[in-house]
Structure formats: C-alpha cells, structure tokens
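I'd like to ask you about the structure that follows.
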Amino acid sequence: DIQMTQSPASLSASLGETVTIECLASEDIYSNLAWYQQKPGKSPQLLIYYANSLNDGVPSRFSGSGSGTQYSLKINSLQSEDVSIYFCQQNYDSPTFGGGTKLELK
Amino acid sequence: QVQLKESGPGLVQPSQTLSLTCTVSGFSLTSYSVHWVRQHSGKSLEWMGRMWSDGDTSYNSAFTSRLSISRDTSKSQVFLKMNSLQTEDTGTYYCARSPLDLDYFDYWGQGVMVTVSS
C-alpha cells in the first residue's frame with residue numbers, strides 16, 4: 001500500500017493568514033492526489049483533485065500543488081469557516097489517506 | 001441532486017456480522033463507483049472497498065477475508081457486509097461516490113456510527 005504522511009498534525013493560524021499543509025507519498029503517485037475538508041460532525045468534502053484541480057463550489061483561496069511524491073494544500077486569507085480537519089488521499093493505487101491536519105484559529 | 005445515505009444498526013455485538021446499506025439518488029450505480037470508507041473516532045480515514053460501475057468489486061487487503069460489497073441497481077442500493085466484528089471495528093462508516101470510476105470521492109453520505117460492544 002502507498003503510505004501518505006501528512007504534516008503538520010495540527011496547526012494554529014490567525015484570520016487572514018496563509019496556511020500550507022503538506023502531504024508526502026511513499027512512492028510517485030503521478031499527481032493522483034485529492035484533498036478533503038472535514039468539519040466537526042460532518043462527512044469529508046472534496047476540495048481538490050488531480051493535485052491542483054479545484055472542485056466545483058470551492059472558494060478560490062484554496063489551491064493545491066505538487067508532483068511526484070510531494071504535494072501541498074494552500075489556504076490564502078484564512079477565514080473562520082476554514083477551521084476543520086484536512087486530509088490528503090492518493091488515488092494512484094488502492095486509496096489511502098493521510099493522517100489529517102487539524103486547523104484551528106489562533 | 002446527488003445524495004448518498006447510509007443505514008444500518010448502531011450497535012453490533014463482537015463476532016457478529018455488520019450489514020449496512022447505502023441508498024443513492026441523483027445518479028446511476030451503472031455509471032459511477034460507490035465506495036465504503038470508515039473513520040475511527042475523528043481519526044484518519046480508511047478505504048474499505050468499492051463497487052465498480054460494471055458490478056465488479058475490489059477490497060482493501062486488510063478486509064478481504066471478511067468483507068463483501070454487493071448492490072441492487074433496481075433499488076439504487078449498495079450493501080456492505082463484514083463478519084467477525086471486533087471492538088476495533090467501532091467507528092463511522094461512510095459510502096462515497098467516485099466519478100468516472102476514478103478513486104477520489106466527490107460525494108459522501110452523512111455516515112453511520114457503528115459501535116461494536118456486548
């Protein structure tokens with residue numbers, strides 16, 4: 001199985017700040033990488049697919065980048081509604097997820 | 001619009017079998033794959049298996065021996081059946097759709113919480 005290592009595990013940032021979350025795959029996943037946002041008590045919601053494609057309805061302050069084994073999710077101008085847990089997921093092989101990043105407001 | 005909804009028992013006894021149903025609307029099971037994903041108490045997500053649009057199935061090797069996924073296209077339902085449940089199987093079970101038989105998940109159900117306990 002492809003292992004996904006996500007960092008940091010938790011993150012505290014201020015409103016308006018730019019935040020970056022990293023995801024490292026154990027092998028090349030050829031940009032087959034998705035990002036999800038999960039709010040407390042809710043199911044995950046797709047933000048980004050194919051490493052940098054924004055899902056419909058997702059605010060443009062979210063962006064994804066990366067290639068090979070290294071990927072990142074950037075949130076520009078952090079809003080209060082962005083407080084969530086974020087997961088990466090590879091879909092190059094049988095799906096596997098990163099351990100999650102809990103984003104809180106400072 | 002696209003919807004998925006899980007249903008099933010909230011409590012299962014150890015060693016028993018878990019049976020869950022995912023009822024979908026707004027799309028056809030013959031055009032999209034439906035997956036089962038579980039989550040332990042706010043922790044990370046674990047892919048369990050999928051029902052392909054053509055009716056084939058594939059499973060996470062961690063579950064192969066005790067997991068079965070099936071469907072009834074006439075009722076727009078996908079079923080999960082997992083036997084020999086243990087306390088470690090406690091968690092929230094989601095069904096999720098993937099577009100074009102790709103393996104990222106564009107729509108998720110609300111999830112069903114399953115507790116394995118005597």
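All figures in this text were calculated on a predicted structure; none of them were measured in a lab. Numbered from 1 within each chain, the chains take letters A, B, ... in sequence-line order.
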Per-residue tally against chain B (heavy atom, under 4.5 Å) across A/Gly99, A/Ala34, A/Gly100, A/Pro40 peaks at A/Gly99
Okay, B/Phe105 and chain A: the region with an atom under 4.5 Å from a heavy atom over there is both
Given the options A/Asp1, A/Thr96, A/Asn32, A/Gln90 meets side chain to side chain donor-acceptor pair (under 3.5 Å) only with A/Thr96
Bottom line for A/Lys102: the part with an atom under 4.5 Å from chain B's heavy atoms is neither
Under a 3.5 Å cutoff, is there a donor and acceptor pairing between the side chains of B/Ser53 and B/Ser31?
no
Indicate whether the side chain of B/Tyr93 and that of B/Arg38 have a donor and an acceptor atom separated by less than 3.5 Å. yes
Under 4.5 Å to a heavy atom of chain B? For A/Tyr36 that would be side chain
Problem set entry | Side-chain heavy-atom pair A/Met4, A/Leu33 within 4.5 angstrom cut-off | yes
